[in-house]
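The next block holds one structure in the form of C-alpha cells; read it before the comments.
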Amino acid sequence: MILGAILAQRTNWRNVELAIKNLKEAKVASLSALCHLGPKKIAPLVRPAGFYQSKSRYLYGLARFIMSRYGQIEKMKKAPLEKLRSELLKLKGIGPETADSILLYALDKPVFVIDEYTRRFLKKHYQRFFKKLKISDKDSYERLQKFFENNLPRDVRLYQRFHALIVIMAKSELRGKEKR
DNA sequence: CACCAGGCCCTAT
DNA sequence: ATAGGGCATGGT
C-alpha cells in the first residue's frame, strides 16, 4: 500500500503493478529491504511507473524515515493521526494526497483522501457544493477534505470504501465515454 | 503519432 | 505567494 501510494503519483495502476512486480521478483518489496538498497538500486526496478529517478528517491526517503523512526508499521499505527500526517508531509515526494492515502489505507487512520477523481465526482454530481468550496484555491485540499469528514461518521472503513467507490465510479464513467 | 494516467518539487516572477 | 515547467513510462 505504502509503496503504491508513491508509485501511483500521476501514473496509471497498470504501470504501478509492473514496478511492484519488479520489486517482488527482486525480493525487495518491503520498507526494510529498500533501506538497504539505496535509491540507485531502486530506480531501475520502479522504472515502469515513470518519473523513476524521483520516485526511487522518495521511496528510499520514506523507507528510511519509517524504519528509523518507528521500526515497523504496527508501531507506527499507534502514533496519533495529526502527528503522523505532519511527519509524512515533511518528506520529499509526499504531498497531501499521498500522505492521506498512506494514513487511510496502510495505517487505518480516519482521513478522507482527496484526489482528482474525488474532485470530478463533486463537480459532476454536487455542483452547488463544489462552487462554494472554491477548488482553485491553494488550500482547497483541506477544505474538500473537511467537507467529507464533517458530513460523514468518523469511520475508517467507511472512508476507505467511500473513496474506493468514487474511483470505481469515475473509471466506469470514463470507459463509458470511450466506447460511445 | 498524440494523448493520458489516483502528484509533487522547484523556480522565476 | 503563486502559476508554470519538469519529471517518464507503457497503454490506447
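Below, chains carry the letters A, B, ... as their sequence lines are ordered, and counting in each starts from 1. These values consider heavy atoms only, across backbone and side chains, with no hydrogens, waters or symmetry-generated copies.
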Other residues, nucleotides, ligands: >12 heavy atoms within 6.0 Å of R85(A) CZ: yes
Distance in angstrom units between K171(A) NZ and dC4(B) C1', rounded: 12 Å
Minimum heavy-atom distance L31(A)-A63(A), with the two atoms named: O-CB, 3.5 Å
Shortest non-hydrogen separation from Y159(A) to L104(A) and the atoms involved: CB-CD1, 3.7 Å
Whole-Å distance separating the CD atom of Q53(A) from the P atom of dG6(C): 17 Å
Atom-pair distance (CZ on R10(A); P on dG5(C)), nearest Å: 14 Å
Set of residues satisfying salt bridge (Lys or Arg N to Asp or Glu O under 4.0 Å) with respect to K83(A), sequence neighbours excluded: E87(A)
Length of the OH-P vector between Y52(A) and dG6(C), whole Å: 18 Å
Sugar-phosphate, base or nothing in reach of R119(A), heavy atoms under 4.0 Å: nothing
Interatomic distance, F51(A) CZ vs dG5(C) P [rounded to whole Å]: 15 Å
Identify all pairs in which a protein N or O lies below 3.5 Å from an N or O of nucleotides 8-11 of chain B, and state each distance.
| residue | atom | partner | partner atom | Å |
| --- | --- | --- | --- | --- |
| dC8(B) | OP1 | G95(A) | N | 2.9 |
| dC8(B) | OP1 | G95(A) | O | 3.1 |
| dC8(B) | OP1 | E97(A) | N | 3.4 |
| dC8(B) | OP1 | T98(A) | N | 2.9 |
| dC8(B) | OP1 | T98(A) | OG1 | 2.7 |
| dC8(B) | O5' | G95(A) | N | 3.4 |
| dC9(B) | OP1 | G93(A) | N | 3.0 |
| dC10(B) | OP2 | K92(A) | NZ | 3.3 |

Separation of E17(A) CD from K21(A) NZ (nearest 0.5 Å): 10.5 Å
Interface with DNA chain B, restricted to residues 12-26 of chain A and to heavy atoms under 4.0 Å: N12(A), W13(A)
Distance between C1' atoms of dA3(C) and dA5(B) (Å, rounded): 22 Å
Pairing residues for R57(A) by the salt bridge (Lys or Arg N to Asp or Glu O under 4.0 Å) criterion, not counting sequence neighbours: none
Check ion pair E173(A)-K124(A) (N to O, under 4.0 angstrom): yes
Sugar-phosphate, base or nothing in reach of S101(A), heavy atoms under 4.0 Å: base
Under the side-chain contact (heavy atoms from CB on, under 4.5 Å) test, residues paired with R14(A) that sit two or more places apart: N12(A)
Contacts of E74(A) that satisfy salt bridge (Lys or Arg N to Asp or Glu O under 4.0 Å) - sequence neighbours left out: K77(A)
Distance between P atoms of dT11(B) and dA8(C) (Å, rounded): 15 Å
